[in-house]
2 protein chains.
Amino acid sequence: MLSGKLKKIFGHLDPNNPPIVCPIRDILSSVTDKWSILVLLFLGGHTKLRFNQLKSLIYGISSKSLSEKLKILEKDGYIVREDFLEVPIRVEYRLTSLGLSHLEQLIKIAEWASENMNTIIKNRVNNSHLS
Amino acid sequence: MLSGKLKKIFGHLDPNNPPIVCPIRDILSSVTDKWSILVLLFLGGHTKLRFNQLKSLIYGISSKSLSEKLKILEKDGYIVREDFLEVPIRVEYRLTSLGLSHLEQLIKIAEWASENMNTIIKNRVNNSHLS
DNA sequence: CGGCATCCGAGTAGATACTG
DNA sequence: CAGTATCTACTCGGATGCCG
């Protein structure tokens with residue numbers, strides 16, 4: 001039973017008195033989409049990256065989505081944007097200490113996903129009657 | 001530098017040869033939305049829960065969204081659904097061993113979010129000129 | 001180079017009502 | 001009780017084109 005931990009996480013568990021700020025809904029969920037996770041992982045692996053480097057590494061993302069995600073991550077304080085005021089433009093992104101600390105969790109969860117993905121793919125096939 | 005870990009996670013890092021299956025995009029991202037995380041956390045805290053119990057705990061979710069998320073989690077093998085074939089209907093959800101192992105990561109990340117949420121809320125205020 | 005503006009279609013969320 | 005059906009509103013993502 002981890003109701004103790006849950007209590008610590010949520011503050012309390014009474015649906016009739018929901019917390020003002022939920023750590024999952026209001027803090028975490030804005031950066032747990034696939035693009036944000038990939039941005040953070042790749043920045044962790046390269047210490048600093050330019051916009052188009054990120055865009056290449058995260059194959060499939062559009063400029064629009066990338067710049068939106070970068071803004072959210074910057075606003076929450078996971079990354080910093082450095083504009084070198086050069087021509088042509090040069091901008092670099094890097095993790096903050098908050099971002100680095102979050103990255104530790106992300107790496108563990110990514111490793112977990114990597115180790116278990118074959119199992120999950122099999123589950124999807126076996127459970128294709130659902131959905 | 002954690003390019004070693006990244007390589008282990010992604011298989012390789014060459015954007016010209018993207019992996020067929022990306023652990024983040026294709027495995028993780030379907031269960032990292034706020035509702036799925038909350039479902040898994042609450043199931044972890046209660047060992048088993050009925051549909052409407054979950055709905056009450058996860059204040060704000062609709063029946064429709066909850067049943068959709070439950071189906072995805074069941075299909076990927078994180079949870080099992082047990083129908084007791086009683087009248088009135090009784091259905092219970094519980095974590096599988098895969099779900100339990102995933103839960104360990106989730107708890108750590110939830111605790112991280114809980115510890116850092118005040119910092120992040122402050123960041124959002126200070127960076128409100130962005131966005 | 002590093003974006004932003006615009007448009008568009010697909011998917012999602014929520015409210016409400018209904019059912020075995 | 002545990003959902004499904006339906007409808008609407010809205011967001012999101014991708015594509016395209018442009019700009020300093």
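Convention: sequence-line order gives letters A, B, ...; per-chain numbering from 1.
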OH (Tyr59(B)) and CZ (Arg25(A)) are apart, to the nearest 0.5 Å, by 6.5 Å
Tyr59(B) OH to dG14(C) P, in whole Å, measures 14 Å
For Ser30(A) and Asp76(A) the tightest heavy-atom approach is OG-OD2, 3.7 Å
Does a donor on one side chain and an acceptor on the other come within less than 3.5 Å for Trp112(A) and Ser101(B)?
-> yes
Leu54(B) CG to dA2(D) P, in whole Å, measures 10 Å
Phe84(A) CZ to dG2(C) C1', in whole Å, measures 14 Å
Lys48(B) NZ to dA2(D) C1', in whole Å, measures 16 Å
Whole-Å distance, Phe51(A) CZ to dG20(D) C1', equals 16 Å
Separation of dG20(D) atom P from Asp83(A) atom CG, nearest Å, is 16 Å
Rounded to whole Å, CD1 of Ile61(B) lies from C1' of dG3(D) at a distance of 13 Å
The correct set of residues in residues 62-73 of chain A placing a heavy atom under 4.0 Å from DNA chain C is Lys64(A), Ser67(A), Lys71(A)
- Message: If we ignore hydrogens and angles and just use 3.5 Å, is the side chain of Ser128(A) paired with the main-chain N or O of Val125(A) as donor and acceptor?
- Response: yes
Exercise. Can a salt bridge be assigned to the pair Asp33(A) and Lys69(A) using a cut-off of 4.0 Å between side-chain N and carboxylate O?
Worked result: yes
* Indicate whether OP1 or OP2 belonging to dG3(D) is found under 4.0 Å from a side-chain N or O atom of Arg81(B). => yes
Residue pair Arg50(B)/Ile89(A) against DNA chain D: nearer the 5' end by closest nucleotide is Arg50(B)
Does Gln53(B) reach the main-chain N or O of Arg50(B) with its side chain, forming a donor-acceptor pair under 3.5 Å? yes
Sorted by chain and residue number, the salt bridge (charged side-chain N to carboxylate O under 4.0 Å, His left out) partners of Arg94(A) (sequence neighbours excluded) come out as Glu82(A), Glu92(A)
Judged by nearest nucleotide, the residue sitting upstream toward the 5' end of DNA chain C, Arg90(A) or Lys34(B), is Arg90(A)
Whole-Å distance, Trp35(B) CH2 to dG11(C) P, equals 22 Å
Applying a 4.0 Å non-hydrogen cut-off, can you work out what Tyr93(B) is touching in the nucleic acid: base, sugar-phosphate, or nothing?
sugar-phosphate
